[in-house]
Amino acid sequence: MIVVLMARACNSHSNQDGDLLPGQRSIAMISEMIHTASLVHDDVIDGSDKRRGKTTINEVWGERKAILAGDFILSAASMALARIGNNTVVSVLSQVMEDLVRGEFMQLGSKENENERFKHYLDKTFKKTASLIANSCKAVSILVNSDPEVHEIAFQYGRNVGIAFQLVDDVLDFTACASQLGKPSATDLKLGLATGPVLFACQQFPELHGMIMRQFSSSGDVARAWQYVQESEGVDQTNFLAQHYCQEAIRQISLLRPSVERDALIRLTQMVLTRDK
């Protein structure tokens with residue numbers, strides 16, 4: 001939906017009607033396929049048995065078939081991408097797949113230095129979540145406009161909304177119950193992941209540093225880390241950071257000419273911030 005809205009907003013900005021070009025529709029489809037494949041693979045990596053309240057593919061058919069299913073979706077997306085016939089678009093969307101893999105590798109490690117750790121977290125968040133939105137938005141702008149400034153506006157809107165979305169997701173892991181999330185809460189801690197609320201809480205409770213470095217693997221780590229986050233300002237600070245990214249997304253998209261779709265993309269930032277699942 002974001003990609004379709006961005007395509008229509010860019011079309012209106014470029015003195016065309018808002019109708020989607022065939023290539024733009026394909027990009028929206030391809031980005032959804034890449035997203036779906038990444039979730040199928042994520043569930044295998046995380047050993048998840050639920051995805052949005054429903055049983056995961058790996059739980060129903062096993063890990064091997066789930067991995068192959070994700071691979072098949074990616075291969076179909078790659079074939080559809082090649083059919084668009086625009087080398088720049090192919091390059092931009094290929095970057096998404098590289099970023100997804102690099103982001104997954106980044107998630108396996110943590111940094112000793114606290115400043116480096118937060119940068120590592122935001123870089124990983126861009127690669128795992130925001131790159132897909134940013135580069136898909138950029139790709140649809142390329143098909144209708146040759147102005148690099150318009151491409152950058154589309155990219156930066158997607159980047160900022162994507163990072164904000166993930167920050168809110170990381171907050172929900174501490175504030176939403178499992179019935180709302182469709183997955184058990186504290187999932188990230190159980191997987192050994194230090195997200196925004198934990199990294200902010202570490203500034204108030206240095207005891208978290210050791211837990212982060214051992215990825216909450218010792219007995220009682222998850223429960224204690226959870227408690228530290230609840231007693232800290234970590235959730236509020238992460239929400240504030242998400243608001244900052246959404247404000248930047250609004251600033252970027254407001255550089256396009258007014259249109260119904262541009263205004264919808266502005267309203268969408270509020271939906272990102274206020275969602276509860």
Side-chain angles (χ1 to χ4, degrees), residues 1-4 22-110 120-121 123-140 158 162-163 165-166 169-170 172-173 178 181-193 195 215 217 277:
M1 184 56 70
I2 292 172
V3 177
V4 168
Q24 290 175 325
R25 187 181 298 278
S26 293
I27 290 168
M29 176 186 73
I30 291 162
S31 63
E32 190 65 44
M33 292 170 78
I34 295 170
H35 181 214
T36 302
S38 74
L39 297 183
V40 172
H41 283 160
D42 263 1
D43 288 338
V44 173
I45 292 166
D46 298 343
S48 301
D49 59 356
K50 287 282 188 290
R51 166 67 63 180
R52 293 172 189 160
K54 296 180 180 178
T55 309
T56 55
I57 293 176
N58 48 293
E59 183 70 12
V60 176
W61 286 306
E63 288 189 359
R64 289 184 180 181
K65 286 185 179 178
I67 292 167
L68 289 171
D71 289 347
F72 179 78
I73 297 168
L74 279 178
S75 67
S78 297
M79 290 172 67
L81 179 56
R83 283 196 293 270
I84 292 174
N86 183 303
N87 288 339
T88 308
V89 167
V90 170
S91 176
V92 166
L93 287 182
S94 297
Q95 185 65 47
V96 173
M97 298 194 206
E98 179 183 326
D99 285 345
L100 281 168
V101 177
R102 285 184 181 274
E104 208 59 66
F105 273 115
M106 288 178 75
Q107 189 162 283
L108 296 175
S110 186
H120 180 88
Y121 164 66
D123 287 348
K124 181 264 299 180
T125 296
F126 170 76
K127 284 181 165 57
K128 278 204 68 183
T129 305
S131 173
L132 173 66
I133 305 174
N135 283 298
S136 298
C137 285
K138 181 178 180 178
V140 290
I163 292 175
F165 183 92
Q166 187 58 52
D169 207 59
D170 294 342
L172 288 173
D173 205 47
L181 277 177
K183 62 180 181 180
S185 54
T187 303
D188 293 331
L189 286 177
K190 292 168 187 170
L191 290 170
L193 305 179
T195 57
Q215 299 184 318
S217 57
K277 62 181 179 179

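Values in this document were obtained by computation on a predicted structure and should not be read as measured data.
- Contact check for Val90 versus Ile84: no side-chain heavy atoms found under the 4.5 Å cut-off.
- Considering NE2 of His120 and CD of Gln107, their distance stands at 8.5 Å, rounded to 0.5 Å.
- The stretch residues 63-89 participates, sequence neighbours left out, in these side chain to side chain donor-acceptor pair (under 3.5 Å) pairs: His41-Asp71.
- To the nearest 0.5 angstrom, Asp188 atom CG is 4.0 Å from Asp173 atom CG.
- The shortest non-hydrogen separation linking Ile30 to Ala80 is CD1-C, 3.7 Å.
- Closest of all the heavy-atom pairs between Ser136 and Ile27 is O-CG2, 3.8 Å.
- Taking OG of Ser48 as the reference point, atom CG of Leu191 lies at 6.5 Å (rounded to 0.5 Å).
- Side-chain atoms of Met33 and Leu74, non-hydrogen and from C-beta on, never get closer than 4.5 Å to each other.
- Note that CD of Glu104 and NZ of Lys127 are 13.0 Å apart. Values are rounded to the nearest 0.5 Å.
- Expressed to the nearest 0.5 Å, how far OG1 of Thr56 lies from CH2 of Trp61 amounts to 10.5 Å.
- By the 4.5 Å heavy-atom criterion applied to side chains, Arg52 and Leu39 are counted as neighbours.
- Contacts of Glu59 classified as salt bridge (Lys or Arg N to Asp or Glu O under 4.0 Å), with partners at least two apart in sequence or in another chain: none.
- Residues Cys137 and Gly158 come closest through the heavy atom pair SG-CA, 4.4 Å.
- With hydrogens and angles ignored, the 3.5 Å screen pairs no side-chain donor or acceptor of Asn135 with any backbone N or O of Val96.
- Looking only at side-chain heavy atoms (C-beta outward), Ser31 and Leu132 come within less than 4.5 Å of each other.
- A 4.5 Å side-chain heavy-atom check between Ile2 and Phe165 finds every atom pair outside the cut-off.
- Closest heavy-atom contact between Val4 and Ala28: CG2-CB, 3.8 Å.
- To the nearest 0.5 Å, the span separating CD1 on Ile45 from CD1 on Ile67 amounts to 8.5 Å.
- Closest approach of Ile34 and Ala77 over heavy atoms only: CG1-CB, 4.3 Å.
- For Asn58 against Gly47, the heavy-atom pair with the smallest separation is ND2-C, 4.4 Å.
- The stretch residues 28-47 participates, sequence neighbours left out, in these salt bridge (Lys or Arg N to Asp or Glu O under 4.0 Å) pairs: Asp42-Lys128, Asp43-Arg51.
- The only member of Thr129, Thr125, Thr195 that meets side-chain hydrogen bond (donor to acceptor under 3.5 Å, both in side chains) when paired with Gln166 is Thr129.
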